[in-house]
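Here the structure is a predicted model, which is why all the values come from computation and not from measurement. To find a chain, count down the sequence lines: A is the first, B the second, and so on, and within it residues start at 1.
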Protein chains: 2
Amino acid sequence: MEPSGHLAEALRRAGYKLTAPRKAIVQVLEQEGKHLSSNEVLVLGRRIYPLLSRATVYRTLELLTNLGLIRPILLNDTAQRYVNGEGGHHHLVCSVCGAVFEFERCGIDRLAAELAERFDFRIRSHLLEFYGICRTCQTHA
Amino acid sequence: MEPSGHLAEALRRAGYKLTAPRKAIVQVLEQEGKHLSSNEVLVLGRRIYPLLSRATVYRTLELLTNLGLIRPILLNDTAQRYVNGEGGHHHLVCSVCGAVFEFERCGIDRLAAELAERFDFRIRSHLLEFYGICRTCQTHA
DNA sequence: TCATGTATTGAGACAATTTCTCATTTGGGT
DNA sequence: ACCCAAATGAGAAATTGTCTCAATACATGA
Ligand SMILES: [Zn+2]
Ligand SMILES: [Zn+2]
Ligand SMILES: [Zn+2]
Ligand SMILES: [Zn+2]
């Protein structure tokens, strides 16, 4: 998830204190892969800063969300998961087994620019998910 | 949400019993607008079938989800909300205030066909969300 | 360096949402 | 009308998210 120190730097620039719990959380977000739930952030964060509390995880994730640095998404779980707030995220989600496949290119820059103008909206990222039935679940049917 | 009786008919065709609780739930989904949470389905469903239990709502929503007839999404809430499992859903979501704007056309049919072929995936719907800062929150900054 | 004031934190109570269990009921094929 | 697997309701339990408040730690300036 982006260059290391990216999130901490953005927090500092926005005028927030760079505390030990926050450092642990952003380090987890930057190091570990994608799609982390708040509970996963808590568990991983405690390896770095054992006192870390659940409330602080939620508070920091909300903070980063409001700054547009991360964004919540929904996958199979019932839990919210967080992805990088910049750029694009592209999934194929199987409605039967919950499997998630990723792809790279989507070609919606044109549409994004159009919408940004029409709604006077400053776009920072997007999520494109196709929902349907994966190969395996098609044959098992 | 689609022609009336659509969901009930699909359930029946898939071999599931058409019970009173299920009829109430699909009627709610078809009549009421979009983005219903499970609790909203429960409350509205009880107007039709007062005995309706929370567990049955969750069970039926999961059933419909696995059949690809509806799909869960995430909005401002922490609760899962359900939308029609066919076609497209398009949102602009403000990361600051949580406001959600909708738009109609997206023009990704080409990409959808390409991915369906590449992943051997039977696509039934898609969700396209742009994430950023709305007009109001831009000025209040 | 050190004192100061405020933002931030941890702990746990609390609330909301989702899942599970199991005895009972019911739809639909016969 | 009968039968039985499928489905249900009720509530316990688990998971996820929010809130409160006294204690702490960061950043700023002396
Ligand atoms: Zn994209
Ligand atoms: Zn699948
Ligand atoms: Zn679309
Ligand atoms: Zn806004």
Side-chain angles (χ1 to χ4, degrees), chain A residues 5 7-28 35-67 70-82 98, chain B residues 5 7-28 35-67 70-82 98:
Chain A
L7 296 177
E9 172 57 20
L11 276 181
R12 198 195 53 66
R13 236 184 314 111
Y16 295 100
K17 294 186 180 178
L18 223 47
T19 64
R22 283 178 181 163
K23 280 182 196 162
I25 292 168
V26 300
Q27 186 181 330
V28 165
H35 307 165
L36 292 177
S37 70
S38 63
N39 194 58
E40 289 167 345
V41 173
L42 177 65
V43 170
L44 293 170
R46 278 182 171 163
R47 291 194 194 158
I48 300 170
Y49 182 77
L51 283 188
L52 185 60
S53 99
R54 185 176 304 279
T56 296
V57 170
Y58 279 103
R59 286 188 284 233
T60 303
L61 290 174
E62 182 184 5
L63 192 54
L64 295 170
T65 298
N66 289 340
L67 290 173
I70 60 177
R71 72 154 291 182
I73 67 169
L74 187 65
L75 289 184
N76 325 351
D77 274 321
T78 192
Q80 295 196 12
R81 292 173 176 276
Y82 292 85
Chain B
L7 295 177
E9 172 58 20
L11 275 181
R12 200 195 52 67
R13 236 184 314 111
Y16 293 100
K17 292 188 180 176
L18 223 47
T19 65
R22 283 180 181 161
K23 280 182 197 164
I25 291 168
V26 300
Q27 187 181 330
V28 165
H35 305 165
L36 292 177
S37 69
S38 64
N39 193 59
E40 288 167 345
V41 173
L42 177 66
V43 170
L44 293 170
R46 279 182 171 165
R47 291 197 194 154
I48 301 170
Y49 182 77
L51 282 189
L52 184 60
S53 101
R54 189 175 302 279
T56 296
V57 170
Y58 279 104
R59 286 187 284 234
T60 303
L61 290 174
E62 182 184 4
L63 192 54
L64 295 170
T65 298
N66 288 341
L67 290 173
I70 60 177
R71 72 153 292 180
I73 66 168
L74 188 65
L75 289 185
N76 322 353
D77 274 321
T78 192
Q80 295 197 15
R81 292 173 176 277
Y82 291 84

Are [X] and [Y] close enough that some pair of their side-chain heavy atoms sits under 4.5 Å apart?
| X | Y | value |
| --- | --- | --- |
| Arg81(A) | Glu40(A) | yes |
| Leu67(A) | Leu7(A) | no |
| Asn39(B) | Val57(B) | no |

[X] side chain to [Y] main-chain N or O, any donor-acceptor pair under 3.5 Å?
| X | Y | answer |
| --- | --- | --- |
| Thr60(B) | Thr56(B) | yes |
| Arg22(B) | Lys17(B) | yes |
| Gln80(B) | Asp77(A) | yes |

Whole Å only: how far is the [atom1] atom of [X] from the [atom2] atom of [N]?
| X | N | atom1 | atom2 | result |
| --- | --- | --- | --- | --- |
| Leu51(A) | dG12(C) | CG | P | 12 Å |
| Leu75(A) | dT16(D) | CG | P | 14 Å |
| Leu52(B) | dG11(D) | CG | C1' | 15 Å |
| Leu42(A) | dT18(D) | CG | C1' | 15 Å |
| Arg22(B) | dT26(C) | CZ | P | 15 Å |

* **Short side-chain N/O contact from Ser53(B) to OP1 or OP2 of dT8(D), under 4.0 Å** =>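 Checking dT8(D) against Ser53(B), no side-chain N or O comes under 4.0 Å of OP1 or OP2.
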
* Structure fact -> Readout for nucleotides 15-24 of chain C: B = base within 4.0 Å of protein heavy atom, S = sugar-phosphate only, - = neither; 5' to 3' it is --SBBBB---

* Does Arg59(B) come within less than 4.0 Å of Glu62(B), counting only side-chain N to carboxylate O? ->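 Salt bridge absent between Arg59(B) and Glu62(B).
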
Could you go over nucleotides 26-29 of chain D and give all protein N or O partners under 3.5 Å, atom names and distances?
residue, atom, partner, partner atom, Å
dC26(D), O2, Lys17(A), NZ, 2.7
dA27(D), OP1, Leu18(A), N, 2.9

* Asked: Can you tell me how far CG of Leu18(B) sits from CZ of Arg13(B), rounded to the nearest 0.5 angstrom?
  ->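 Answer for the CZ-CG pair, Arg13(B) versus Leu18(B), is 12.0 Å.
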
